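Notes follow once the structure below has been shown.
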Amino acid sequence: MSGAAEQTRTQESLPVYPFGEWGDRLSPWYARLCVEEAAAHRVRTLNGDTVWLVTRHAVARAVLADPRMSLRAAGTESAPRQQRVRFCPAGGAGTPGPFFDDPVLRTVVQQALSPREVRARTAAVTSAAHRFFAALGRRPRGERETDWNEGIVRPLSYRLTGRLLFGELPDSVRDELRAAFQVGLTFHGHPDTAVRAAWDKFHAVLADWYADPAHLAGDHLMARLARAAGEAVDPAGLAAMAGPLWCAGHEASVGFLTNILPVLDGNPELRAALRASEASVPRITEELLRVTPLVTGGAPRVAMEDAVIAGIPVKRGECVVVSYEAANRDPRAFPDPERPEPRRAGPGHLAFGHGPHRCPGQHLARLEIDVVLRAIRVHTPGLRPAVPVGDVRWRSGSVVRTPHALPVVW
């Protein structure tokens, strides 16, 4: 169907987005739309807005790189959106863009997450990962079972990279943030009032923590940002910085590491490649980044002027939503896209986005995945789900795909 034909569909006949598949499999809608010739497809969001949905790899790259498509505008109160309630506390900006437009603070973030800084952290992160999995490997046979998300990934991820971003947050604070996040970052399943209250609570917990100057000592990213901002930023402003970092930096890392296990379990050849050669780890990491489902919605951009972008006739103020997961399975870019292939050549995946808002934490994220795979390979090579993955229940409505429980043995 042509782009013009897509525009003529009535709103009631449009598919509702997100499509309602909350687990480790993408909705069949993505594969159906991706093979069509249209550059994008009109969908109706849970908020009742009509937006363009992009599932093709080349079109996604064009939209994400085009300066006429704005992330900042997508976070405003009046912008079309996928969710009923904006993902921010009362009065918040809705995206990290407005705050990090400050060139000094932006430079702090870029330097802290740069390849050079990540290389300097590699030895410590690697050592921590091996100590963690070595301890698991030494457990008696009768004690080698736990929940993958809660018992391993969540504490491990904070130990490896979370403390580099936020400092030494105690378990009690992290638990409060996680509880608020699980309600706040949802498309459905909770009353709108509960979602708004969760974001307010999330912001308040961070503001209370960083109101204590002792919590801003050291070399973690939040301490660096506080020193760079000086008296211009109060605890509420620090919380506004920490919030997006927690969601996109920590919770996304936890979600991704959790979800690689079903992928490895469902692809024995990938697991065999990991066991066979440590040299294959970087290539396996990239394929896991391409095929591992992480989020249930897409990356929004709002057009700042009328334009035709990669065949999409977008009007000023319209929203274009890019599904990274669908674009990473576009058969035009990735032959046999559902099969992880460590030797795959061709265009790069979009797990970290593309263009000016490409994830600044990509180097740290790659390091974390790399060291976890290497540590599993050495210390717990038999690590696997203790139940069929098809029996695992997932949190309905969650933006980050998260199982209620994923028991593992090793």
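Quick caveat: nothing in here was measured; it's all calculated off a predicted structure. One is the number of the first residue; the rest follow in order along the sequence.
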- Item | Check: T285/D370 side-chain N/O donor and acceptor closer than 3.5 Å | no
- Message: Please evaluate residues F202 and F181 with respect to the criterion ring-ring contact (aromatic ring centres under 6.0 Å, His included), reporting the C-alpha separation (whole Å), side-chain torsions for both, the decisive distance (0.1 Å), and the verdict.
- Response: CA-CA 7 Å; F202 182 82; F181 174 87; 7.1 Å; no
When the side chains of residues 345-353 are checked against the rest of the protein, which donor-acceptor pairs come out under 3.5 Å, sequence neighbours left out?
{"from": "H349", "atom 1": "ND1", "to": "A351", "atom 2": "N", "distance (Å)": "3.2"}
{"from": "H349", "atom 1": "NE2", "to": "E286", "atom 2": "OE1", "distance (Å)": "2.7"}

- Query: Does R401 make a cation-pi contact with W394 (under 6.0 Å, within 45 degrees of the axis)?
  - Reply: no
- Message: Under a 3.5 Å cutoff, is there a donor and acceptor pairing between the side chains of R366 and Q362?
- Response: yes
- Do R121 and D219 pass the salt bridge (charged side-chain N to carboxylate O under 4.0 Å, His left out) test, and can you show the C-alpha distance, the side-chain angles, and the key distance before you say yes or no? CA-CA 12 Å; R121 307 279 191 181; D219 195 42; 3.2 Å; yes
- Query: Between Q82 and T45, does any side-chain donor sit less than 3.5 Å from a side-chain acceptor?
  - Reply: no
- Check whether the side chains of T296 and E21 place a donor and an acceptor atom closer than 3.5 Å, and report yes or no. no
- When rounded to the nearest 0.5 Å, the distance separating CZ of R68 from CZ of R316 is 14.0 Å
- Item | Candidates R343, R339, R344 - the one meeting salt bridge (Lys or Arg N to Asp or Glu O under 4.0 Å) with E287 | R344
- Looking just at side-chain N and O atoms, do D49 and N47 make a donor-acceptor pair shorter than 3.5 Å? yes
- Under the 6.0 Å and 45° cation-pi test, does R163 pair with Y158? no
- Message: Is the distance from the ring center of H41 to that of W29 below 6.0 Å?
- Response: no
- Between F132 and R159, is there a cation-pi geometry (under 6.0 Å to ring centre, at most 45° from the normal)? no
